[in-house]
Protein chains: 2
Amino acid sequence: MTRPDAPPGAVRQGSLREWNLAVVLGRIAAADRPPSRAELAAGTGLTRATVSAVVEDLLAGRLVAEAEPTPRTGAGRPSRGLVLATDGPAGLGLEVNVDYLAACVVDLAGRVRHHTVHRADLRPLSPAEALARLADLAAHARADASRAGLTLAGAALAVPGLVDDAGLVRLAPNLGWRDVPVPALLGGKAPLTAHVDGIAPLVVDNEANLAALGELHAGPAGRPSFLHISGEVGIGAGIVLDGALFRGARGWSGEIGHIPIRPDGPPCRCGGRGCLETYTGQEAILAAAGLAGADLPADTATTRLAELAGAGDPAALRALAGAGTALGVAVAGVVNLLDLDTVVLGGGYAPLAPWLRPPVLTEISRRVLTAAWSPVVVRPAALGAAAAAVGGAGSVVRRILARPGGWLARPG
Amino acid sequence: MTRPDAPPGAVRQGSLREWNLAVVLGRIAAADRPPSRAELAAGTGLTRATVSAVVEDLLAGRLVAEAEPTPRTGAGRPSRGLVLATDGPAGLGLEVNVDYLAACVVDLAGRVRHHTVHRADLRPLSPAEALARLADLAAHARADASRAGLTLAGAALAVPGLVDDAGLVRLAPNLGWRDVPVPALLGGKAPLTAHVDGIAPLVVDNEANLAALGELHAGPAGRPSFLHISGEVGIGAGIVLDGALFRGARGWSGEIGHIPIRPDGPPCRCGGRGCLETYTGQEAILAAAGLAGADLPADTATTRLAELAGAGDPAALRALAGAGTALGVAVAGVVNLLDLDTVVLGGGYAPLAPWLRPPVLTEISRRVLTAAWSPVVVRPAALGAAAAAVGGAGSVVRRILARPGGWLARPG
DNA sequence: CGCTATTTGTTCAGTGGTTGAATTATTTGG
DNA sequence: CCAAATAATTCAACCACTGAACAAATAGCG
């Protein structure tokens, strides 16, 4: 059942050590309390001698550190717990969205060590201007990280749109961007991050994908499968299957907004009819709640809607119930198809979760065959607003954890 | 982008060789013409010395053989091409379905070396009786394989229903089975297959899953993503993502039949309303075509429907157009969500593909955002009726190819 | 026919990394 | 203060890969 796929590449001599570095580091990262070398040996099946040698490399490379000795536990020589270093490599997470910019730094242990959000309507700005502002935030984050002894090993930028492999933003409708070569505009002058073999200096990715990754790493260890729905102007989803983000054949998975709800429903700007977005998109919900004309920034309008619903406003409640039912119909189909056990309401849906959750659950229990056996969890996202930036930064450090060889081999 | 997941297990000394055995074997399996040791060395990055040593192990273990020397090619010592052995391990594939039993043997190279189909209405029989008959087919297949010099290394049984990890058939509605302990009933007396470390002697799996695996292995090499739809009485789907079958959080993925098409459509036996199955299930299509009362076996009825449609019968054509449109609506949602590039019409849909394909394509082009960029292929299944048995047998040999160590370490 | 160029496959000393057992280090308990 | 217990390190042995030299087998050419 595990890894039925053919091995991708050959294994050369040194790969052995590289692999075991990753194994031991992964165990340290996944442990709930600092493990000793002996426990690592027992857990991995390696000998204590090997674990000692591996750990020595990791200590020298500032990837792990020895924890403070614990008070006392039993007889024998006390163990020295190992923890992920908090003064080694870190990831830089960036986000451009319609009404804010964000930058954050996440260390190896997954802790957010720096976080700045710059609120502003980005739509009037050109991509170059917006990215120049973002570069300022990034420089500030970099300086802050440096003061804390952290080295930025890579960066990930979240964009609300379709991105290709080279970091070209094909289309970000709500920003009004089209074919924007982000890496050239952002990293133009000096490189943002230190060069680390195997880590891309800047990855540009869809906001929904990175937010889903953030949710993945914020949650418990394991290999969960869930759907993370980002309800913004458009509705995007990040799909995590067996603990890995699934990007699709061309990297464009997650277009849940255009799942048909009623084949002959209202026309959608995608050309189809009755797509989910026409029922549950931000504009549709606000219009149904009577907030259409207000022309507030998206963020404010959602907050307003939540306030109205909390106060019992009938139009707001009706709008949210209708949206939740449509969302539930779509989600039920997805859960039936993929057998997911968790659905996360993120982005603009997170603050509306108290009102969206019940109708979604109703549709799931009505339509999902296996819901009776084992229930489906529907919950708001654990990470807050700028989840995508945190998720992006986290994806950088996760890659270092998965392949520490590149970091250890660096000149510095 | 490759393997961002943490390494699952530690790497001990001997794993190195084991891994390289799999790498070299995988290259031999994927090559379009028998590769030489030198070509393998160049392709894998290993030294010729290492490849020679690895190949020696594979030859000794009857996993590969040296091909007949080719006429002539150029200067230098002639190379000795390597091919997968056709007298080594093989997989046994079995299938229980509503109106037939099947058994087949597939060798390492993926060739079907034995295939028996026993047509009979299985519904009147008890599970024990049906499985006793299947055991006869299996014994015959085993004897035939033995005569050909093949050793059965494992078996896979396809069942049209929900199966749990232990091989217990929770529910197979069309067979009328519930909580049937298949392994105990089938393998009761003597083991079907030789014991091979790392290969389960008998895997019981959903028919749609194994049929999708068959389609995966019958297709070109690579890591494709596609949806394989088995249209029988119920509609199941096998989901292949990045070249691997996706089973879902609990192993129950693929319930495409209960994707909502119209939230307020006709009631479905699942308890929901307007599920795909109520539009495109075999019963629904036959009823719409006016073949409902005939009470033919499912297989015959489908053939009849294809004949009528081929002769231009208006009711049949109308029924198929309607079914295809509903199917297309569901498929469009799936393709939007998962960014698949291929949809395979299998099972009972394969013979109906000429009529189902056009409306499905219409809905996709109308509703899938990225269809304009890069088209979605909709095609009938390459494997015929008993695709699931072949797929199951193939999954056994694929596992040997992926982890040859277990086979090589066997006592015999 | 014999020689050279060329490519394949094997042999062998060398090396990196793991193994297993012995050894050292550090604490608790009597 | 010593024995028991557990943690971590040291070291010779071993396994698998590396690199280079070597043997094998063929085509081309005079």
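Heavy-atom basis, side chains included; hydrogens, waters and symmetry copies ignored. The chains referred to below are lettered A, B, ... by the order of the sequence lines, with proteins before strands, and numbering in each begins at 1.
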To the nearest Å, how far apart are [X] [atom1] and [N] [atom2]?
X: Glu18(A); N: dT18(C); atom1: CD; atom2: P; result: 12 Å
X: Glu56(A); N: dT9(D); atom1: CD; atom2: C1'; result: 9 Å
X: Arg80(A); N: dT26(C); atom1: CZ; atom2: P; result: 8 Å
X: Arg77(A); N: dT6(D); atom1: CZ; atom2: P; result: 14 Å
X: Leu16(B); N: dC15(D); atom1: CG; atom2: P; result: 14 Å
X: Leu58(A); N: dG17(C); atom1: CG; atom2: P; result: 14 Å
X: Leu46(A); N: dA7(D); atom1: CG; atom2: C1'; result: 17 Å
X: Asp57(B); N: dA16(D); atom1: CG; atom2: C1'; result: 11 Å

Counting N and O atoms only, with roles assigned by atom type, does the side chain of Arg142(B) sit under 3.5 Å from a partner on the main chain of Leu192(B), one being a donor and the other an acceptor? yes

Looking at Ser225(B) and Asp242(B), would you say the former's side chain and the latter's main chain have a donor-acceptor pair under 3.5 Å? yes

Separation between CD of Glu18(B) and CG of Leu16(B), rounded to the nearest 0.5 Å: 10.5 Å

Using a heavy-atom cut-off of 4.0 Å across all strands, would you classify [X] as base, sugar-phosphate, or nothing?
X: Ala38(B); value: sugar-phosphate
X: Arg37(B); value: sugar-phosphate
X: Ser36(B); value: sugar-phosphate
X: Arg48(B); value: base

Run through Val106(A), Asp144(A), Leu150(A) and flag the one making a side chain to side chain contact (heavy atoms under 4.5 Å, CB included) with His114(A). Asp144(A)

Do NZ/NE/NH1/NH2 and the carboxylate oxygens of Arg37(B) and Glu56(B) come within less than 4.0 Å? no

Report yes if a side-chain nitrogen or oxygen of [X] is closer than 4.0 Å to either non-bridging phosphate oxygen (OP1 or OP2) of [N]; otherwise report no.
X: Arg17(B); N: dC17(D); result: yes
X: Thr50(B); N: dC17(D); result: no
X: Thr47(B); N: dC17(D); result: no
X: Asn20(A); N: dT18(C); result: yes

Residue Ala49(A), side-chain atoms from C-beta onward, closest of dG9(C), dA25(D), dT10(D): dT10(D)

Measuring from the side chain of Ser79(B) (C-beta onward, heavy atoms only), which nucleotide among dT8(C), dA8(D), dC12(C) has the closest atom? dT8(C)

